[in-house]
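I have placed the structure first, in the form of C-alpha cells, so that the comments after it can refer back to it.
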Amino acid sequence: MSQTRVRSAITSLPSYKPGKAASAIEAEHGITGAIKLSSNENPYPPVPEVVQAMHDACLGVNRYCSYLADDLRTGIADFVGTSQNHIAVGCGSVGLLQQLCLTYLEAGRNAVYPWRSFEAYPIQVTLTGADSIRVPLVDFRFDLQATAEAVTSDTAMVLLATPNNPTGTACSVEQLDEFCKRVPSDVLIMIDEAYREFLDPSYGDPVDLLENHKNVVVSRTFSKAYGLAGTRVGYLVADPAVIDEVNKAMIPFAVNSIAQAGALAAIKHRDAYEPHLQVLRSERKRVADALAEAGYVTPDSQANFVYLPTEDRTAELCLEMEKRGVVTRPFAGEGLRVSIGTPEENDRFLAVWAEVNA
Ligand SMILES: *Cc1c(COP(=O)(O)O)cnc(C)c1O
C-alpha cells in the first residue's frame, strides 16, 4: 500500500475504463471480424490531403511546434468568422474542458450540468475539488429551465453538450439564448458542440451568442466529423479575456505539430469530408427508422449515434451483441449508445439487434 499523499479528489475517482477495442472483444469471445460502434468515431479515415499534411509534418518533429498553434488558430478563426484572439486550441476538447475546469473551479465552487451527459464532465469537475450539481433529463432532453434554476451563488460553470452525448438530443440557439439570459453573467457557460457537423442547420450557431453573452464558450473538436480522434485536437471560441485565462492552464505545446498540421488541412479541405458526412447523416436516419419500424423508438439524434433506452436489459443486450461481434456503449440500467458506422456496419448492427431481441 503506497503511503503517498494522494489528493482526496483523486482517490474518490474510479480508474477510467476506455471503450473496448474490437480486438479485445474478439479475444474475449473467440470470434473474428468484430466492429466497434462504441466511441462515436468517424468510420472513415481522414481525407488524403490531411494524411499528406500530417506525413509532411513528421519530418519536422525535431522542433517544438507553435506554442499556441498560430496558423491553426487563424485557420479556425477564418472558418468560424471571428479573429484569432477568440480561439484557443487544446489536446482534444476534453483537454480544453480540463483547462476550463482548472480555470474556473476549485473546492467550494460547483458546476451545474444536465445528466445523463458526457462522462468526462463529472471526472474533470471532481478533479478540481469542486462539486457537481446534476439536473435530470426530461424525455432524454435538457430541462434548461431547471438547469438555470439549479445555479447557486457558488456556481462557476454550466456544461451543456448539444447534441448531447449519449442521448443525441440538441438545443436550438433560441433556447440557449433564453438560458443565457437567466444565468448570471459571471458564470461560464460551456456549450460543447463535439457533434456540430451532424446537427441540422436549423438549430443555429451558438457562436452567435457570444455577441451578447461574454460568458459563453463554444467547444468543438476534430475528433468526430474530421476523423482525427487519434490526434487529439479541439478548439474553443470565446471572448478574448476568457481565452487568455484558459491558455494559462494549457500543458505547454498541448497540440503537437502533426496534429496542428492535420487539423489545419482538415479545415482547408472540409468540403472533401462532406460526402462521407452526408452518408453518416442519412445512415443515422435509416438506422433510427429501422429501429422504430421494429418497435423501438429512439430519441431524435442530431449526432453520429443513436440511443436505445434499454433500461434493465442494457447489460444483457450489450453482451449478447458483443458475442456476435458488435461493440456498443452501455450505460448500466439506462441505455445503449450505438455509433453510426459505414452502411455495412449499420446493417450488421440492425441484424444483430433483431437477433438479440427475437
Ligand atoms: C466525443 C466528445 C468530445 C470530444 O472529445 P475530444 O477530446 O475532442 O476527442 C467532447 N464532448 C463530447 C460531448 C463528446 O461526446
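When a ligand or atom number is given, it counts from 1 through the structure's own listing order.
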Query raised in the report: When only distance counts, is Phe118 in polar contact with ligand 1, meaning an N/O pair under 3.5 Å?
Result: no
**Report entry** Close approach, Gly234 and ligand 1, non-hydrogen under 4.0 angstrom
**Finding:** no
Query raised in the report: When you measure from atom 6 (P) of ligand 1 to each heavy atom in Ser117, Ala303, Ser93, which option holds the nearest one?
Result: Ser93
Report summary line: the protein heavy atom lying closest to atom 2 (C) of ligand 1 turns out to be Lys224 NZ, 2.4 Å
Requested in this report: Identify whether the distance between the nearest side-chain nitrogen and carboxylate oxygen of Arg281 and Glu197 falls below 4.0 Å.
Outcome: no
Query raised in the report: What atoms of ligand 1 come within less than 4.0 Å of a heavy atom belonging to Ser223?
Result: 6 (P), 8 (O), 9 (O)
Query - Heavy-atom closest contact (Asn304 atom, Asn40 atom, distance) - result: ND2-O, 2.9 Å
**Report entry** Per-atom contacts of ligand 1 with Gly92, taking only distances under 4.0 Å to non-hydrogen atoms
**Finding:** 6 (P), 7 (O), 8 (O)
Requested in this report: Of the side chain and backbone of Val94, name the one, both, or neither that has a heavy atom under 4.0 Å from an atom of ligand 1.
Outcome: both
Query - Geometric class of the Phe222/Tyr226 ring pair [parallel <30°, tilted 30-60°, perpendicular >60°] - result: tilted
Query raised in the report: Which ligand 1 atoms does Asn165 reach within 4.0 Å, using its non-hydrogen atoms?
Result: 13 (C), 14 (C), 15 (O)
Query raised in the report: What atoms of ligand 1 come within less than 4.0 Å of a heavy atom belonging to Ala194?
Result: 2 (C), 3 (C), 10 (C), 11 (N), 12 (C), 14 (C)
Report task. Would you mind checking if Arg220 and Asp205 are paired as a salt bridge, meaning a charged N to carboxylate O distance below 4.0 Å? Result -> yes
Query raised in the report: Using 4.0 Å as the upper bound for N to carboxylate O, is an ion pair formed by Asp70 and Arg73?
Result: yes
Query raised in the report: Among protein heavy atoms, which lies nearest atom 15 (O) of ligand 1, and at what distance?
Result: Tyr195 OH, 2.6 Å
Report task. Examine Thr221 against ligand 1 and note whether any of their N/O atoms are separated by less than 3.5 Å. Result -> yes
Query raised in the report: Should the pair His276 and Tyr44 be assigned to parallel (<30°), tilted (30 to 60°) or perpendicular (>60°) ring geometry?
Result: parallel
**Report entry** Lys/Arg-Asp/Glu bridge criterion (N-O < 4.0 Å) met for Asp78, Lys268
**Finding:** no
Requested in this report: Report the nearest protein non-hydrogen atom to atom 11 (N) of ligand 1: residue, atom name, distance rounded to 0.1 Å.
Outcome: Asp192 OD2, 2.7 Å
Report task. Check the pair Thr152 / Asp154 against side-chain hydrogen bond (donor to acceptor under 3.5 Å, both in side chains), numbers first and verdict last. Result -> CA-CA 5 Å; Thr152 72; Asp154 293 326; 4.7 Å; no
Requested in this report: Considering only non-hydrogen protein atoms, determine which one is nearest to atom 7 (O) of ligand 1 and report residue, atom name and distance to 0.1 Å.
Outcome: Arg232 NH2, 2.6 Å
**Report entry** Residue part near ligand 1, for Phe222, under 4.0 Å between non-hydrogen atoms
**Finding:** neither
Requested in this report: Before accepting this row, confirm whether a basic side-chain N of the pair Lys248/Asp244 lies closer than 4.0 Å to the acidic partner's carboxylate O.
Outcome: no
